[in-house]
Amino acid sequence: MNESVIYLPEVDSTNLWAKHNLDKFGPIGAVYTTHQTAGRGRLGRSWLDAPHKGLYYTAVIRTDLVQPATLPLFASLAVCDALRERYRIDCQIKWPNDLLLNGKKIVGILCEVGPDGHSIVVGIGINLAQPQEYFDAAGLPHGTSLALQGIAVDPAADAAALAESMT
């Protein structure tokens, strides 16, 4: 296991935790969980997760990037590659921060500058096994999970493998 990948059984937000714990990471690292209690997306949107049904992951980049504006695209490509490798599926990128599978949202990405003004945190939420009732209750008619798309998933094992692969 990569020592720069930290697993937390539960956390408010992986992006927030990463920002408050930058000193725990080298030039590149990550933190992930399957239970996030105060997650959020672009434009300050918040949501409740379905505990232990998704992967909530944040990459931490503490090194200078030549073109930081390209990071959302590279993050999308990295997630697409990890999902293709693990599940043999092809996602579509919906710019600037979503990945779609069969026309429905399967991944959300949120890039933020760290409190030091130099580091970048890249939050990635992957819907692994949420049931349809979760998306209905959240008012997300265009959301889906890998399980709802007929893909066999093991959320705990898959979360660890995906976090390692994406880091």
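Note: hydrogens, waters and symmetry copies are ignored here, and every other heavy atom, side chains too, is used.
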>> Quick one, Ile151 with Leu101, criterion side chain to side chain contact (heavy atoms under 4.5 Å, CB included). Give me CA distance, side-chain angles, the key distance, then yes/no.
In response: CA-CA 11 Å; Ile151 297 164; Leu101 182 63; 4.0 Å; yes
>> Run the side chain to side chain contact (heavy atoms under 4.5 Å, CB included) test on Phe74 and Gln67 for me, step by step, so that the C-alpha distance in whole Å, both residues' side-chain angles and the decisive distance to 0.1 Å come before the verdict.
In response: CA-CA 11 Å; Phe74 285 117; Gln67 292 183 313; over 6 Å; no
>> Using side chain to side chain contact (heavy atoms under 4.5 Å, CB included), reason through Leu110 and Asn97 one step at a time and then give a plain yes or no.
In response: CA-CA 7 Å; Leu110 176 64; Asn97 67 323; 6.0 Å; no
>> One pair to check against side chain to side chain contact (heavy atoms under 4.5 Å, CB included): Leu22 and Val60. What are the steps and the verdict?
In response: CA-CA 8 Å; Leu22 286 175; Val60 178; 3.8 Å; yes
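To the nearest 0.5 Å, atoms OG (Ser145) and CD1 (Ile106) are separated by 6.0 Å. The distance from atom NE2 of His20 to atom CG of Asp12, rounded to the nearest 0.5 Å, is 8.0 Å. The structure places SG of Cys91 at 9.0 Å from CG of Asn102, a figure rounded to the nearest 0.5 Å. Between atom CD of residue Glu112 and atom CG of residue Asn15 there is a gap of 4.5 Å, rounded to the nearest 0.5 Å.
In terms of heavy atoms, Leu128 sits closest to Val153 at O-CG2, 3.5 Å. Among all heavy-atom pairs drawn from Ala152 and Tyr87, the shortest one is O-CE2, 3.9 Å. Heavy-atom minimum distance, Thr58 versus Ala18: CG2-CB, 3.9 Å. Residues Gly103 and Gln92 approach most closely at N-OE1, 4.3 Å, considering heavy atoms. The nearest pair of heavy atoms linking Ala50 to Gln130 is CB-CG, 3.7 Å. Shortest non-hydrogen contact noted between Leu148 and Pro131 is CD1-C, 3.9 Å.
Within a 6.0 Å radius of CG in Asp116, more than 12 heavy atoms belonging to other residues, nucleotides or ligands are found. More than 12 heavy atoms of other shown residues, nucleotides or ligands fall within 6.0 angstrom of atom NZ in Lys104.
For the pair Tyr32/Leu55, a side-chain contact is recorded, criterion being any heavy-atom separation below 4.5 Å from C-beta on. Between Ser13 and Tyr56, every side-chain heavy-atom pair lies at or beyond the 4.5 Å cut-off. Side-chain contact between Cys80 and Leu99 is present, with heavy atoms from C-beta onward closer than 4.5 Å. Two residues are said to be in side-chain contact when any heavy atoms from C-beta on lie closer than 4.5 Å; Leu162 and Leu83 meet this criterion. Contact check for Val122 versus Leu71: side-chain heavy atoms found under the 4.5 Å cut-off. Residues Leu146 and Ile89 have side chains in contact (heavy-atom distance under 4.5 Å, counting atoms from C-beta outward). Looking at heavy atoms from C-beta onward, Lys105 lies out of side-chain contact with Leu140 at the 4.5 angstrom threshold. Counting only heavy atoms from C-beta outward, the side chains of Leu77 and Ile93 approach each other to under 4.5 Å.
Between the side chain of Asn127 and the backbone N or O of Thr144, at least one donor-acceptor pair lies under 3.5 Å. A donor-acceptor contact shorter than 3.5 Å links the side chain of Tyr57 to the backbone of Thr167. Looking at Gln36, its side chain never comes within 3.5 Å of a backbone N or O of Thr34 through a donor-acceptor pair. The main-chain N or O of Phe25 is found under 3.5 Å from a side-chain atom of Arg62 such that the two form a donor-acceptor pair.
Within the structure, side chain to side chain donor-acceptor pair (under 3.5 Å) pairs that include any residue of residues 76-85 comprise Asp81-Arg84, Arg84-Asp90 (at least two apart or interchain).
By the criterion of side-chain heavy atoms lying less than 4.5 angstrom apart, applied directly or through intervening Ile, Leu, Val, Met, Phe, Trp or Tyr residues, Leu16 is not grouped with Val113; the two fall into different hydrophobic clusters. Taken together through direct or relayed side-chain contacts under 4.5 Å among Ile, Leu, Val, Met, Phe, Trp and Tyr, Ile28 and Ile120 form parts of separate hydrophobic clusters. Leu100 and Leu73 fall into different hydrophobic clusters, defined by Ile, Leu, Val, Met, Phe, Trp and Tyr side-chain heavy atoms under 4.5 Å apart, directly or through other members.
Remark: Lys53 engages no residue in a salt bridge (Lys or Arg N to Asp or Glu O under 4.0 Å) (not counting sequence neighbours).
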